[in-house]
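Contents: one structure, followed by commentary.
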Amino acid sequence: MIILIDQDSTLADWESGFLDNWKKDHPNEISIAIEQRTQFETCLDYPEHLRDKVESTYHAPGFFLNLKPIPGAIEAVRKMIRLGHHVFICTAPLSTYEYCIVEKYQWVEKYLGRDFTKRIIMTKDKTLIHGDILIDDKPEIIGIMKPTWEHVLFEAPYNRNRANGRKIINWSNWREVLQL
């Protein structure tokens with residue numbers, strides 16, 4: 001089975017990383033707790049006058065590299081491979097990619113080893129990528145193709161009410177949900 005896994009907010013803890021950096025860089029501004037998030041795009045949860053500051057937080061050097069793994073993620077990836085599945089990270093880079101792309105590679109090397117960087121697929125359109133399953137926190141994935149994969153929604157506060165009949169997964173229930 002080919003299993004595609006999104007990187008941010010699925011393997012790497014984008015939410016905590018953003019919030020920690022936001023509070024450090026902008027201690028006098030409001031912050032939205034993770035459980036209060038309602039939008040997939042972080043900046044849309046903040047007032048319009050703060051959106052440039054929000055974006056500058058995750059465009060900063062070191063942001064992607066310093067994200068911590070979501071508990072259980074690395075172990076789950078390794079277990080999937082041991083079970084004989086073909087596992088790839090399928091991630092979309094930011095449009096302002098100066099730090100994003102190289103840091104995503106460095107993050108994978110840091111937590112999964114240099115050899116695993118051969119399993120990174122970067123694309124803005126995940127529908128172009130062939131697979132059996134895509135584990136992703138984004139509620140709706142659209143593109144130019146009809147996907148070959150089943151979209152399994154990785155649980156997040158902003159997508160819990162948007163499953164639309166899809167399976168919902170986290171790193172404590174992945175084997176049961178995927179029936180692996």
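Each residue takes its place number in the sequence, starting with 1.
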Seminar exercise, completed: Result for ring-ring contact (aromatic ring centres under 6.0 Å, His included) between Phe64 and one of Tyr99, Phe18, Trp14 points to Trp14
Exercise. Say you draw a straight line from OG1 of Thr123 to CD1 of Ile120; how long is it, rounded to the nearest 0.5 Å?
Worked result: 14.0 Å
Problem set entry | Donor on one side chain, acceptor on other, Asp136 and Thr10, under 3.5 Å | no
Seminar exercise, completed: Taking every heavy atom of Thr96 against every heavy atom of Cys100, the minimum-distance pair comes out as O-CB, 4.5 Å
Problem set entry | Atom NZ of Lys118 with >12 non-hydrogen neighbours under 6.0 angstrom | no
For this session: For Tyr46 and Ile32, indicate whether the former's side chain and the latter's backbone hold a donor-acceptor pair under 3.5 Å.
Result: yes
For this session: Write out all pairs satisfying salt bridge (charged side-chain N to carboxylate O under 4.0 Å, His left out) with one or both partners inside residues 11-21, taking only residues at least two apart or from two chains.
Result: Glu15-Arg37
Exercise. Between Trp174 (side chain) and Ala76 (backbone), is there a donor-acceptor pair under 3.5 Å?
Worked result: no
Problem set entry | Residue among Arg160, Gln39, Arg162 satisfying side-chain contact (heavy atoms from CB on, under 4.5 Å) with Pro139 | Arg162
Problem set entry | Those residues that, when tested against Lys146, pass salt bridge (Lys or Arg N to Asp or Glu O under 4.0 Å) (two or more places apart) | none
For this session: May I ask you to check whether Tyr58 and Trp22 place their ring centres under 6.0 Å from each other?
Result: no
Exercise. Same cluster for Val177 and Leu134 if Ile/Leu/Val/Met/Phe/Trp/Tyr side chains link at under 4.5 Å?
Worked result: no
Exercise. Is a side-chain donor or acceptor of His59 paired with a backbone partner of Leu94 at a separation under 3.5 angstrom?
Worked result: no
Exercise. For Ile30, does the CD1 atom sit with more than 12 other heavy atoms under 6.0 Å from it, leaving out its own atoms?
Worked result: yes
